[in-house]
There are 2 protein chains.
Amino acid sequence: MLLKRRTTLKDVAARAGVTYQTVSKVINGRAQVLPETEARIWEATRALGYKPSHTARSLRVQRSLMIGYSWVPTRPDQANHILDMFLGSMIEEAEAVGYHLLPFPYREGDAQVNGYRELIDSGRVDGFVLSSVNYDDPRIRFLQERQYPFVAFGRSNPAIYFPYVDVDGAAGLRLATEHLLSLGHRRIAVLAWPAGSQVGDNRLSGFLAALAAAGVPKRPEWMVRAEGTFEAGRAAAARWLAGDPSERPTGIVALNDTLALGASRAAQERGLLPGRDLAIVGFDDAPMAQYVWPPLSSVRQPIRLAGRKCVEVLVALLEGRTPAATQVLLTPELVVRASSGQQQI
Amino acid sequence: MLLKRRTTLKDVAARAGVTYQTVSKVINGRAQVLPETEARIWEATRALGYKPSHTARSLRVQRSLMIGYSWVPTRPDQANHILDMFLGSMIEEAEAVGYHLLPFPYREGDAQVNGYRELIDSGRVDGFVLSSVNYDDPRIRFLQERQYPFVAFGRSNPAIYFPYVDVDGAAGLRLATEHLLSLGHRRIAVLAWPAGSQVGDNRLSGFLAALAAAGVPKRPEWMVRAEGTFEAGRAAAARWLAGDPSERPTGIVALNDTLALGASRAAQERGLLPGRDLAIVGFDDAPMAQYVWPPLSSVRQPIRLAGRKCVEVLVALLEGRTPAATQVLLTPELVVRASSGQQQI
DNA sequence: TACTGTCAGGCGAACGTTCGCGCGAACGTT
DNA sequence: AACGTTCGCGCGAACGTTCGCCTGACAGTA
């Protein structure tokens, strides 16, 4: 497809009767020019529809004004209901401060770091936003070695310092647990993830803290660590609920909604209705939480805020400003629906 | 943050004992060089970890190798479970052919086109992928006027020609309807969207075609056009199911899963179990379809394939090759679950 | 020997910016 | 009247590539 040549500084300059360097100055606000010259120049840029070439500018100033971002794809049967909001908010915030996002493919294992390396070496991005970070994340190590700026969405080993934005998962589970405690529940079980995940451990700690604060002893058999799947939640809850009614859990909190929905299903398979016969609280507030029966109480993360903060902190770093805080912890909120029995069902 | 200077062609050239232009030739495969010189050059690029500067190359060849993409954000309570797959597949395909995606914020109304214009004028992208296209889409008109390359994910007015990739929604609803017909259903209702949406009209036409082909007369009162929300589906189904049992619909197809789930709820509120007492089929195969009770039969779109195709066609256009086809129609598949009564529940 | 052809690689220019100086004219100061 | 000081703008260079043309050496032919 043949395109007419783009309009450049020189075109504008010719029309305004100055040299192109002067136009550049005016456009960048570093001008010492007569008001009337400036007016002519602006008039010319408008008339010609001139926009500076990002590529040329970027070459000259040796900065790409781009932020690299890659995410681990979810399994086909699961939804990443967060991506829309997270990406969207990052893109908006970035554009507002003159940046753009460069999404790049996720790669498995050792190859993962190569994706980051290539973008650095080819000068395509000025920094990165990481997500799905975990303990000993190889990307963090690599970027710190190369001294390349990044912000992580999520925390890693407490011992290493790096800029991050995270949602306080412990606070979230504390909220969920305290909710059940306040409704009078004392026999509360938890559906957790396998040990070794930063997010999982963190959320679980909130559950334990809430129990401890209320003086309710924890019962190891009521803490299941399994894959975060529907079936895992269903199986664990089925076991719990098979016990003596006066001795089984009356409340269940889960580290994500899928687990919680599995538990809800298990309960209903035994003829127990969540919200009436037991209470269930999930985490993530996936959109389906409101459409299932009974609607699922859940913990909602301020995702859009997180996305904005990630970009805000990173850009501050890139521009050499010291950000207000380089480690940001956001507080989630509890969304109470019928499954935890607060509302009539 | 201070970065060490990037390594450039000149660094490589110095190490290999040639001029930088020669290195450039070797790297781009346009070289007439002695095998041993070439070897030295490759060795040097590896040793120095050289990657060509994308910015400089892009300035020189006057192409950004970027594809613009913007999507309309979903309401906070709804999920865009497709975005992950669609974006991911586009990014992968793009990278494989040397391109990257540039996501940019969606804007409302007249401002929408400005986002596209700015990217064109600043030379940031070589072309666009559009999604959520509808009749009389202003972006299509604009891009055609500017003669800027694009591929639409979705169709628009039949009268105007442009390259697109789309999922055959009519075929999808035909699949769903024929499924119910084959199970013996003759009284089938449909939950559709308000008229005027290309996607909605197209899907609905598949329903009507299937009925006609089976010689089943359509009943206007069993065709509701409403917002695609849970409540709308629930309300419409509640009205239908309130009628005389021998005269009410025994099957319901919906243009999306949210409507279908609303219908499923309405049924259960009347003590009717989908899959036993009536059959329900949705569209989109949202992840929640498998977690609700009873699991929802639904039509699944080949989203990853669509993403890849969009990029493939666009890049062919950009490189001046004539793509195999500039209008691609993909066929969805039916995923049968308990709600349509095929399986035991 | 002189002429032609090929091979390997050098050379200059250009892509569209930004940036630091430089320079003449107008103005004010001694 | 001679001399600084601003003001307003121009000038040259540089960012890291790619591209077409040029050239020097060598070999083959007449």
field: salt bridge (charged side-chain N to carboxylate O under 4.0 Å, His left out) between A:Glu319 and A:Arg63, intermediate numbers included
entry: CA-CA 11 Å; A:Glu319 316 249 290; A:Arg63 308 182 42 210; 3.2 Å; yes

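- The CG-P distance, from A:Asn28 to C:dG20, rounds to 12 Å in whole Å.
- Interatomic distance, A:His54 NE2 to A:His100 NE2, rounded to the nearest 0.5 Å: 7.0 Å.
- Considering only side-chain atoms of B:Thr19, the nucleotide from D:dG16, D:dC19, C:dG10 that sits closest is C:dG10.
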task: Applying side-chain contact (heavy atoms from CB on, under 4.5 Å), run through A:Tyr106 and A:Trp71 and close with a yes or a no.
output: CA-CA 6 Å; A:Tyr106 171 79; A:Trp71 69 94; over 6 Å; no

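- Across B:Leu65 and B:Asp126, no two heavy atoms sit closer than the pair N-OD2, 2.7 Å.
- Across all strands, B:Leu34 comes closer than 4.0 Å only to sugar-phosphate atoms, never to a base (heavy-atom distances).
- Across every non-hydrogen atom of A:Phe162 and A:Ile140, the tightest pair is CZ-CD1, 3.7 Å.
- What you find for A:Tyr69 and A:Val129 is that their closest heavy atoms are CD1-O, 3.1 Å.
- In the region residues 45-58 of chain B, proximity to DNA chain C at under 4.0 angstrom, judged on heavy atoms, holds for none of the residues.
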- request: Decide yes or no on ring pair (Phe, Tyr, Trp, His ring centres under 6.0 Å) for A:Tyr164 and A:Phe153, but give the supporting numbers first.
  value: CA-CA 6 Å; A:Tyr164 67 75; A:Phe153 177 38; over 10 Å; no

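- Taking side-chain N and O atoms only, A:Gln62 has a distance below 4.0 Å to OP1 or OP2 of D:dG16.
- A residue-by-residue look at A:Leu9 and B:Thr37 shows that B:Thr37 has its nearest nucleotide of DNA chain C further toward the 5' end.
- If you measure from atom NZ of A:Lys10 to atom C1' of D:dC11, you get 13 Å, rounded to the nearest angstrom.
- The distance between atom CD of A:Glu38 and atom P of D:dG8, rounded to the nearest whole Å, is 11 Å.
- Taking atom CD1 of B:Ile41 as the reference point, atom C1' of C:dG10 lies 12 Å away to the nearest angstrom.
- The shortest distance between the side-chain N/O atoms of A:Ser24 and the OP1/OP2 oxygens of C:dT17 is not below 4.0 Å.
- Of the candidates A:Met90, A:Glu92, A:Glu95, A:Val311 forms a side-chain contact (heavy atoms from CB on, under 4.5 Å) with just one, namely A:Met90.
- A close approach under 4.0 Å does occur between a side-chain nitrogen or oxygen of A:Arg30 and OP1 or OP2 of C:dC19.
- Between B:Arg15 and B:Glu43, at least one side-chain nitrogen of the basic residue sits less than 4.0 Å from a carboxylate oxygen of the acidic one, meeting the salt-bridge criterion.
- Taking 4.5 Å as the limit, some side-chain heavy atom of A:Arg107 sits within range of a side-chain heavy atom of A:Asn114.
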I'd like a table of atom pairs between the protein and nucleotides 12-14 of chain D - only N or O on both sides, under 3.5 Å - with the distance next to each one.
from   : atom 1 : to      : atom 2 : distance (Å)
D:dG12 : N7     : A:Gln21 : NE2    : 3.4
D:dG12 : O6     : A:Gln21 : NE2    : 2.9
D:dA14 : N3     : A:Arg60 : NH1    : 3.2

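- With C:dG16, D:dG8, C:dT18 as the choices, the nucleotide that has an atom nearest any side-chain atom of A:Leu59 turns out to be C:dG16.
- To the nearest angstrom, P of C:dG16 lies 14 Å from CG of B:Asp121.
- Interatomic distance, A:Leu48 CG to A:Asp11 CG, rounded to the nearest 0.5 Å: 6.5 Å.
- Classification of B:Asp121 and B:Arg146 as a salt-bridged pair holds, one side-chain N sitting under 4.0 Å from a carboxylate O.
- Here the C1' atom of nucleotide D:dG16 and the CZ atom of A:Arg63 are 18 Å apart, to the nearest Å.
- At a cut-off of 3.5 angstrom, counting only N and O atoms as typed in the model, there is no donor on one side facing an acceptor on the other between the side-chain of A:Lys25 and the base of D:dG8.
- Nucleotide C:dG20 holds its C1' atom 12 Å from the CD atom of A:Gln32, rounded to whole Å.
- Rounded to an integer number of Å, the gap from CG of B:Leu65 to C1' of D:dT17 is 13 Å.
- From one end of the helix from C:dT1-D:dA30 to C:dT30-D:dA1 to the other, with five pairs defining each end axis, the axis direction shifts by 70° (rounded to 10°).
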